[in-house]
2 protein chains.
Amino acid sequence: MNISTLCLGILALGEASGYEIRKRFEGPFRHMHEPSFGSIYPALAKLTRDGMVSCTVHSQEKRPSKKVYSITPAGRLALRQELESALPGPDRIRSDFLVTMLFSDILSPDFIDAAVTERIAFYNELGAVLQSNECGGNAGREFVRGYGMAVCRAAVEYLETVQRSTQDRETLTAA
Amino acid sequence: MNISTLCLGILALGEASGYEIRKRFEGPFRHMHEPSFGSIYPALAKLTRDGMVSCTVHSQEKRPSKKVYSITPAGRLALRQELESALPGPDRIRSDFLVTMLFSDILSPDFIDAAVTERIAFYNELGAVLQSNECGGNAGREFVRGYGMAVCRAAVEYLETVQRSTQDRETLTAA
DNA sequence: ACGGACATGTAACACGTTACATGATTAA
DNA sequence: TTAATCATGTAACGTGTTACATGTCCGT
């Protein structure tokens, strides 16, 4: 899924400026994508050239003016066609944490323990952000929110179980 | 986590050829990384130049010879230093499925249903692969295996719940 | 005879990030 | 006055994928 399609999708849910599109991915969906301005602005420019979105400049007081983009009927059609052209491909989890854990045999137990503890905090916080985000919108957002929460819960549960069993083993060794 | 570190880590768990490294990511860990030959071979060449791994050519009968790489003490040290230099960064889930679902409002219900059904099958299969993979190795593999299974279970559970509630709603509408 | 597994490698390409460039307003 | 937020945009760079190039052996 390229940034262009992502922007088009966001605009299908409501008009926004490039800056605002970025902001939408700083909240509950930051674990999915965090596109940079360097990719968003060129994408919006191209979408405009291709007639997928239209752009209006909004002047603001005490703020720089912003370019608000709206999806056009052609853009909506193109988005549908692209998304429905094939079932979505497999998910890929880019996790330095899991890779690190995969090689845990050659790392120090203290480091591993710190990494697990940090990751529990990470997923607890993500879960909390998702929960607090309340039904702030459409069915799609609700689905993704629920999915994220389910996965966060499962991750924390697993990590805590592993950590407890590690601590038990240490207590046993110490005794 | 770049391919170079990934290769080094794999070699820390045992010697392998470039082709074999690729194979290791076709099994239970294919949801994490699926590095291409075009990235593995140059990475191994560079690791060799840098003295991180050593390379021996194994001639085989009825098969092309292969270059088997082994991690060197320097490589093991470098790997530890790199991994322990900082706690792993946040996980990122690249999921065309979730992005599609996020925009489900403008897509056909049939397509959404098909996508969910397919994804349930996907995670059921991944869960099965992880389960069948048995304690085939070190503690790290076991951890990642367990983590993957927990997440798969949670995903399938959530998806099935959503699908059931959608079907209920349809039954209600039809009645 | 043809496709697939084994096996390695290079070159072109796509894509996104980081850094740079600019500039106003506001809170500490 | 220093940093942060708002706001847009370009250029250089890094990293990985796809396609290409080559060759054997095996099953059908």
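Each chain gets a letter, A, B and so on, in the order its sequence line appears, and its residues count up from 1. Heavy atoms only: backbone and side chains are in, while hydrogens, waters and symmetry mates are out.
- Between Lys23(B) atom NZ and dT8(C) atom P there is a gap of 12 Å when expressed in whole angstrom units.
- Looking at the side chain of Pro64(A), the nearest of the listed nucleotides dA7(D), dG23(D), dG9(C) is dA7(D).
- Counting to the nearest Å, the P atom of dT17(D) and the CE atom of Met1(A) are 18 Å from each other.
- Under the 6.0 Å distance and 45° angle rule, Arg119(A) counts as a cation-pi partner of Phe122(A).
- The nearest whole Å value for the distance from the CZ atom in Arg22(A) to the C1' atom in dG9(D) is 15 Å.
- Checked against dT8(C), dT10(D), dT18(D), the side chain of Phe37(B) finds its nearest nucleotide in dT8(C).
- Between Lys67(B) and Pro35(A), the one whose closest nucleotide on DNA chain C sits nearer the 5' end is Lys67(B).
- Straight-line distance from the CG atom of Leu6(A) to the C1' atom of dG16(C): 12 Å, rounded to whole Å.
- Checking dC6(C), dC6(D), dG9(C) against every side-chain atom of Tyr41(B), the shortest atom distance belongs to dG9(C).
- A cation-pi arrangement is present between Arg22(A) and Phe37(A), with the terminal nitrogen or guanidinium carbon under 6.0 Å from the aromatic centre and inside a 45° cone about the axis.
- An OP1 or OP2 oxygen of dC6(C) is reached within less than 4.0 angstrom by no side-chain nitrogen or oxygen of Gln60(B).
- By the 4.0 Å N-to-carboxylate-O rule, Lys23(B) lies close enough to Glu26(B) to be salt-bridged with it.
- Checking dG16(D), dT18(C), dA7(D) against the side-chain heavy atoms of Ser36(A) singles out dT18(C) as nearest.
- dT17(D) atom P lies 7 Å from atom CZ of Arg94(A), rounded to whole Å.
- Nearest to the side chain of Ile3(B), among dG23(D), dG16(D), dT10(D), sits dG16(D).
- If you take NZ of Lys66(A) and P of dG9(D), they are 14 Å apart, rounded to a whole angstrom.
- Considering only heavy atoms from C-beta on, Leu8(B) stays 4.5 Å or farther from Glu82(B) through its side chain.
- When heavy atoms are screened at a 4.0 angstrom cut-off, Glu20(A) is found touching no nucleic acid atom at all.
- Put simply, OH on Tyr19(A) is 16 Å from P on dT25(C), counting in whole angstrom units.
- We find that CZ of Arg63(A) is positioned 17 Å from P of dA4(D), with the value rounded to whole Å.
- Here Arg94(A) does not pair with Glu34(A) in a salt bridge; the nearest charged N to carboxylate O distance is not below 4.0 Å.
- Projected onto DNA chain C by closest heavy-atom contact, Val68(B) and Ser39(A) fall at different nucleotides, the more 5' of which corresponds to Val68(B).
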